[in-house]
There are 2 protein chains.
Amino acid sequence: MAMKRAAASAVRAITSSGNSSPSSVLVRHLHASPGSKKIVGVFYKANEYASMNPNFLGCVENALGIREWLESQGHQYIVTPDKDGPDSELEKHMSDLHVLITTPFHPAYVTAERIKKAKNLQLLLTAGIGSDHIDLKAAADAGLTVAEVTGSNVVSVAEDELMRILILVRNFLPGYHQVINGDWNVAAIAHRAYDLEGKTVGTVGAGRIGRLLLQRLKPFNCNLLYHDRIKMDHELESQIGAKFEEDLDAMLPKCDIIVINTPLTEKTKGMFDKNMIAKLKKGVLIVNNARGAIMDTQAVVDACSSGHIAGYSGDVWYPQPAPKDHPWRYMPNQAMTPHISGTTIDAQVRYAAGVKDMLDRYFKGEDFPTQHYIVKDGELASQYR
Amino acid sequence: MAMKRAAASAVRAITSSGNSSPSSVLVRHLHASPGSKKIVGVFYKANEYASMNPNFLGCVENALGIREWLESQGHQYIVTPDKDGPDSELEKHMSDLHVLITTPFHPAYVTAERIKKAKNLQLLLTAGIGSDHIDLKAAADAGLTVAEVTGSNVVSVAEDELMRILILVRNFLPGYHQVINGDWNVAAIAHRAYDLEGKTVGTVGAGRIGRLLLQRLKPFNCNLLYHDRIKMDHELESQIGAKFEEDLDAMLPKCDIIVINTPLTEKTKGMFDKNMIAKLKKGVLIVNNARGAIMDTQAVVDACSSGHIAGYSGDVWYPQPAPKDHPWRYMPNQAMTPHISGTTIDAQVRYAAGVKDMLDRYFKGEDFPTQHYIVKDGELASQYR
């Protein structure tokens, strides 16, 4: 495959781009005590797909490609997809593991109860971005460190968001359905197919992913808006070409297309409910690759059914995996996928390298790159507060 | 619908951007002889969709929105979707029409035979871009003028191409199928999902659409290549960030993704045959919104089946409408639609305005904007030679 070679070079980029760790004088919570560590990784199972691509690292079978490296240093490395309930494989190891590696794509819910049970646990690593499957307050209270591979898949997610914007604006899926059903009816597609050019696109949140999206949107000649806790500095803002909207309630009704780029927190949970959606433009398109629980599930279904939301696309659900009867599977004008945008082959190569780098620093008692910390010294990173 | 308002402003943009006609001293072939003209338009039928959007102008029912204007000036305006064969509505009018308006989306094939029959025919207007459904040599020999609304939907097509690149690179459709089938298997998608970043994208042809695509690709940090008859000037090339490849055969094997942006001519017809495809990278992705007949139909099917082509997406077929048994409907890893990319609502508003402007100039005996001519004074425009 042509793509495999291109992806391979990504690993060099990420390993050389991490901030170099300062020789810090701060107390280090992460001195690895001498001797063997028990490391548990929870990933999705790839079955027959595991061997189809040598860079398919983020699955149970390939286990981030770090087994040999870990075992050669005398550590124990257990990998499983079995994460839910008291009889799960993960549960069995909670009492004596030192490090737990999880992903947002197949989230192992690390509850306060599990944290209480995990007497040896020191480090929770997220292979990817988004650690809301962990009870971060409980982790902070227990003195644990939580870290993500910040940056590892921001490009992957931003690209995917732009794809979804185009799929909705241009009304791609009805045309595809015609093709596979043997039909041809241009009018049935065209009457609600538009150009992206000239439309108003607003992002709720303009962190790393939101900014990368805005940069990619710039040549499309849209009217770009962003809401965030922090206004970008003037130079970056004019380079990106987006207008800051301090008041979210003022921004949302202006948007033809809304993209959710905010983490799931107590504040954002369920924020797109019936009342909020009623304030949006009739015919609005929504892209959400952030977290499913930011939306009120039924409110989205109702608005897609009434046409108030003219299209909804994203790869995040609550819970995950989405059950067979999740109503978003069957609502009109959806362009959904399973949680995939951050786990492209390129992203896997990068977050596998990022996890390995943090484990190496952990064993050596070194700090991680600052931007990777989600919980450190009992404090949550600002975006999760 | 939020989008309708945004589209409406497009008409102002196009009507003000047309080149002003120089007071030419050239012989004009297009003096409208005094009196009523018979104008025939061939469009797709929209049925129940025609009334769903006031800007849905490019269908039989809404007839470019120029009926009242034409009839108020005493012209006859006949509109039909019935275009094929000796008993078709179009055939009946060939003998005495003065102007024929067609579109690439529902192409009326204007053969040498039909041209011979059309004794009063002076002007062939394409509502959109791409006039290969007209026998251009026969039109030139008969002294006819052929013109397109150049620029009317180049943005529409370029946006659509970028959407298709992302759909293929990121392996969108298998994920969507899982959703509607009640499944959840991230591995089955992820093992062949990639970022666009870092990949090599080559466009065969870098005219208006190809350049707009390259501009939109720039922030994705790809390796951009283009092949064209003409090298861009240095400033444009460095602004777009693409490298000129004089030798097509040298460019194609370098590409992870190939986009076809060349008109259908005698030279390009069937150029992607078995031999050409064999030279491409294994796992190449191909996007073709240009013309279906540039590809050898069966060679594409075979290469998609073997995996040599890892994904094929486009909206153009041969013939159109694609019959129910067209093999591209059923080949693996296709992301096809009916011919739709250039007929978004925004594009319709622009090409309807462009056709009206050219008819107005025709009635007044004025030249068209130069870039609109495909055949003038017995000469083909350079891209069709």
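Fair warning: this is a prediction, and the values are worked out from it, not measured in the lab. Residue numbering restarts at 1 for every chain, and letters A, B, ... go by the order of the sequence lines.
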Discussion item. Just so I understand: if I count every heavy-atom pair under 4.5 Å between each of B:T337, B:V179, B:L166 and chain A, which residue has the most?
Written reply: B:V179

Fill in: Residue A:K218 versus chain B: region with a heavy atom under 4.5 Å
neither

Discussion item. Under 4.5 Å from any heavy atom of chain B, what part of A:F43 do you find: side chain, backbone, both or neither?
Written reply: neither

Discussion item. Any salt bridge linking A:D195 with B:R350? Criterion: basic side-chain nitrogen under 4.0 Å from a carboxylate oxygen.
Written reply: yes

Discussion item. Heavy-atom pairs under 4.5 Å with chain B: which of A:Q320, A:Q348, A:H326 has the most?
Written reply: A:Q320

Fill in: Engaged part of A:Y49 at the chain B interface, taking heavy atoms whose separation is under 4.5 Å
both

Discussion item. Looking only at heavy atoms and a cut-off of under 4.5 Å, which of A:G175, A:S313, A:G182, A:A347 has the most pairs with chain B?
Written reply: A:G182

Worksheet item: Does any heavy atom of chain B fall under 4.5 Å from the side chain of A:E48, the backbone, both, or neither of them?
Response: neither

Fill in: Per-residue contact mode, A:S341 against chain B (heavy atom under 4.5 angstrom)
both

Practice prompt. Would you mind telling me which of A:N47, A:D160, A:I340, A:N153 has the largest number of heavy-atom pairs within less than 4.5 Å of chain B?
Written response: A:D160

Worksheet item: Among A:P174, A:A46, A:P321, which residue forms the greatest number of heavy-atom pairs with chain B at distances under 4.5 Å?
Response: A:P321

Fill in: Side-chain donor or acceptor of B:E159 paired with backbone N/O of A:L196 under 3.5 Å
yes

Worksheet entry | Toward chain A, the part of B:H177 with a non-hydrogen atom under 4.5 Å | side chain

Practice prompt. Find the one option among A:I167, A:I165, A:D315, A:T343 whose heavy-atom pairs under 4.5 Å with chain B are most numerous.
Written response: A:I167

Discussion item. Between A:L173 and chain B, with a heavy-atom cut-off of 4.5 Å, which part of the residue counts as in contact: side chain, backbone, both or neither?
Written reply: side chain

Fill in: From A:N62 atom CG to B:H191 atom NE2, the distance as rounded to the nearest 0.5 Å
12.5 Å

Item to complete: Flag the one option from A:C59, A:G58, A:A335, A:A158 with the top tally of heavy-atom pairs under 4.5 Å to chain B.
Response: A:A335

Item to complete: Please look at A:Y176 and chain B and tell me whether the side chain, the backbone, both or neither of the residue comes under 4.5 angstrom of a heavy atom of that chain.
Response: both

Item to complete: Could you tell me which non-hydrogen atom of B:V186 sits nearest to which non-hydrogen atom of A:H339, and how far apart they are?
Response: CG2-O, 3.6 Å

Discussion item. Just verifying a value: how many Å separate B:M52 CE and A:R192 CZ, rounded to the nearest 0.5 Å?
Written reply: 9.5 Å

Worksheet entry | Heavy-atom proximity to chain B below 4.5 Å, by part of A:R170 | side chain

Discussion item. Distance check, rounded to the nearest 0.5 Å: B:Y194 atom OH versus A:T344 atom OG1?
Written reply: 9.5 Å

Worksheet entry | 4.5 Å side-chain heavy-atom contact, A:R216 and B:N221 | yes

Worksheet entry | Straight-line distance of A:M163 CE to B:L162 CG, nearest 0.5 Å | 11.0 Å

Fill in: Distance, nearest 0.5 Å, that separates OH of A:Y44 from CG of B:N185
9.5 Å

Worksheet item: Just how far is it from atom CD1 of B:I180 to atom CE of A:M336, taken to the nearest 0.5 Å?
Response: 13.0 Å

